[in-house]
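Heads up: the structure comes next, in structure tokens.
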Amino acid sequence: MSQQGITPREKDYSQWYLDVIAAGELVDKSPVRGCMVIKPHGYGIWEAVQSDLDARFKATGHVNAYFPMFIPQSFLSKEAEHVEGFAKECALVTHHRLRSAEDGGVEPDPAATLEEPLVVRPTSETIIWHMYGKWINSHRDLPLLINQWANVVRWEMRTRPFLRTAEFLWQEGHTAHATRDEAVEEATKMLGVYSDFAHETLAIPVIPGVKSATERFAGAEETYTIEAMMQNGWALQAGTSHFLGQNFAKAFDVTFQNSEGQLEHVWATSWGVSTRLVGAVIMAHSDDTGLVLPPKVAPVQVVLVPIWRKDEDKNRVLQFANSVRDTLGPSTRVHLDDREKMKPGAKYFEWERKGVPIRLEIGPRDVDANSVFCARRTGGKKFGIPVDDGFVAAVHAELTAIQDGLLQAATAHRDARTHRVDTYQQMKDQMDTEPGFFLVPWHDDAETERQIKDDCKATIRCFPLAYQGEQAGKACFYSGRPATHMAIFARAY
RNA sequence: CGGGGCGUAGCGCAGCCUGGUAGCGCACCUGCUUCGGGAGCAGGGGGCCGGAGGUUCAAAUCCUCUCGCCCCGACCA
């Protein structure tokens, strides 16, 4: 990033994204390729995501647990498709000791080679299903509804902060059910939880849908997804929920005795979202001044900037600012920026770049008037708010208005960039001039799907749930064969 | 694994072509004046120029080798 500015979105979207992350002081350079050092302000966003989501999981009957990050290598080979999907990007632990080397450094001690290498989990299905086999015996043990907050490692060739990193933080829910229907219901229910969360908390209007076979999770029978649109019209998969059938139950021999006394394999789901959501929030809302955060995930929702010129003003301004902070504190994430050797203007710019929704300026004039001067990060001019009985409610009303405004703007953008086209040529033409979601009638076929990807880099993001049925009587926009689904094509991260 | 680029102060860079022993901006430290939209002035600290070898009286600069990183592709449940 240049010293003062941020690359405009229109000029170079990728650079703009990196600039916004730098301006927001979200991450620092990592000494490890592809891994992130997440600084406090960036981690604060993730913490807000975590606490909101965790409450939603609890409300739907789930509990948290924790499983080891090291998985015996042999576990990975038990489910054929699963190993196919992940084997290419696994990190291995092969030794448990270092020794001094000739060159003065250290090296793995050959005498301390592990009998069986350990895989650093790329996802936890295998070790969790190994344990579920021990925990599940009876239909009375079902359903088993467990979530884990953890880190996982996938040795990706190309990485990008938050969107695709070698190590990332996520939650993974793993559930076991007595019947197929119950498991499918769980998978779709959790997709709904994610979708609600994206709208209500992240202010991102996602499209819930089903993945095509090509894009399906390795080992799943059905993969559900929420797809978000970024400001450049590209799609970002923001969360997934999988119906795993009995694949893992069979691979790890997890059976239960039903009420008739017969043994059956259990039915499974898994679902997850990751720190990629932080990237989604950054890309969905930020502008050419820097980060823009929805109040519900902003680590600092309100920043107070005290202003004084003379020493005699300093004390009363700070005293007033402190009381304002204490008033807002119980209900709001508020920060009083009382750094002394920094001018107010410099603070304004810093907090704007960090995406803080509301800034309250407090100077001698405001103290005299018993009010604060409010500046919103998005929408509206500065205005005074009296510090009276209605003060907290007034600030919260602004936060709500900002949150709503972001969702409205993102929804308007998504709708404007969602194109219904009838022919492939139309999509191909518009993909370069106005990229976005292309809603089309589609005859499902992995081979033609691949042809399209090779030809114009667009892939099926999902078969959106809201539009299924509309394809009836229509011809596939690419092949002309009878359409089997409504599909959304887009270029994707 | 292909194609391209870059390694010089904490960060971002110039200097290299045409060798003469290192500079700029930001950040940092000290002081004074400032303070309602990115402060100004003065002074100061910090780098064996990625590494090794070679040419030379002399190498950040030229030559050879090497290591690392970044970008574009391949890859991406």
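Note that the structure is a prediction, hence the values are computed from the model and not measured.
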Distance check needed: B:C1 C1' versus A:Glu156 CD, whole Å only. 17 Å

Could you walk me through whether A:His242 and A:Thr223 satisfy the side chain to side chain donor-acceptor pair (under 3.5 Å) test, starting with their C-alpha distance in whole Å, then the side-chain angles of each, then the deciding distance to 0.1 Å, before giving a yes or no? CA-CA 4 Å; A:His242 314 290; A:Thr223 289; 2.9 Å; yes

In this structure, how many angstroms lie between the P atom of B:U34 and the CG atom of A:Asp313, rounded? 14 Å

For A:Arg316, which residues count as a side-chain contact (heavy atoms from CB on, under 4.5 Å) partner, sequence neighbours excluded? A:Asp313, A:Pro364, A:Val367, A:Asp368

Check this for me: does any side-chain nitrogen of one of A:Arg377 and A:Asp287 sit under 4.0 Å from a carboxylate oxygen of the other? yes

Interface polar pairs with nucleotides 40-46 of chain B, N/O, under 3.5 angstrom:
none

Mind checking what makes side-chain contact (heavy atoms from CB on, under 4.5 Å) contact with A:Ala251, not counting sequence neighbours? A:Lys78, A:Glu79

Here the distance between atom P of B:C70 and atom CE of A:Met157, to the nearest Å, is 15 Å

A:Phe349 aromatic ring stacked with six-membered ring of B:G38, 5.5 Å and 30°: yes

Could you check whether the rings of A:Tyr493 and A:Trp234 sit parallel, tilted or perpendicular, using 30° and 60° as the cut-offs? tilted

The Watson-Crick or G-U wobble partner of B:G36, with both key distances under 3.5 Å, is none

Please name the nucleotide paired to B:G25 by Watson-Crick or G-U wobble geometry with both distances under 3.5 Å, or report none. B:C11

When the ring planes of A:Trp267 and A:Phe243 are compared, do they come out parallel, tilted or perpendicular, using 30° and 60° as the limits? parallel

Any side-chain N or O of A:Lys29 less than 4.0 Å from the OP1 or OP2 oxygen of B:G12? yes

Indicate, yes or no, whether a donor-acceptor pair under 3.5 Å links the base of B:G37 to the side chain of A:Lys382. yes

Base, sugar-phosphate or nothing for A:Arg276? Non-hydrogen atoms, less than 4.0 Å. nothing

Measuring centre to centre across the rings, with the benzene-like ring taken for any Trp, is A:Trp442 within less than 6.0 Å of A:Phe489? yes

Would you kindly check if the NZ (Lys) or CZ (Arg) of A:Arg359 is within the cone defined by 45 degrees around the ring axis of A:Tyr348 and under 6.0 Å from the six-membered ring centre? yes

Just checking A:Glu125: base, sugar-phosphate only, or nothing, at a heavy-atom cut-off of under 4.0 Å? nothing

Taking only residues two or more places apart in sequence or in another chain, which ones pass side-chain contact (heavy atoms from CB on, under 4.5 Å) with A:Ala492? A:Ala235, A:Thr459, A:Arg461

Under a 4.0 Å heavy-atom cut-off, which of residues 364-378 of chain A touch RNA chain B? A:Pro364, A:Arg365, A:Asp366, A:Phe373

Watson-Crick/G-U partner (both atom distances under 3.5 Å) of B:A42: B:U30

With heavy atoms under 4.0 Å as the rule, sort A:Glu361 into base, sugar-phosphate or nothing. base

What contact category does A:Glu352 fall into here, base, sugar-phosphate, or nothing, at under 4.0 angstrom with non-hydrogen atoms? base

Regarding B:G37, can its base be found pairing with the side chain of A:Arg359 as donor and acceptor, where the two atoms are less than 3.5 Å apart? yes

Taking CG from A:Asp311 and P from B:U34, how many angstroms apart are they, rounded to a whole number? 12 Å

Can you check the distance between B:A58 and B:G3, where both ends of the measurement are the P atom (answer in whole Å)? 38 Å

When both hydrogen-bonding distances must be under 3.5 Å and the geometry is Watson-Crick or G-U wobble, what is B:U18 paired with, if anything? none

List the atom pairs, donor and acceptor, that lie under 3.5 Å between side-chain atoms in residues 298-309 of chain A and the rest of the protein, sequence neighbours left out.
residue, atom, partner, partner atom, Å
A:Gln301, OE1, A:Arg333, N, 2.8
A:Gln301, NE2, A:Pro295, O, 3.0

State the pairing partner of B:C69; accept Watson-Crick or G-U wobble contacts with both distances under 3.5 Å, and report none otherwise. B:G5

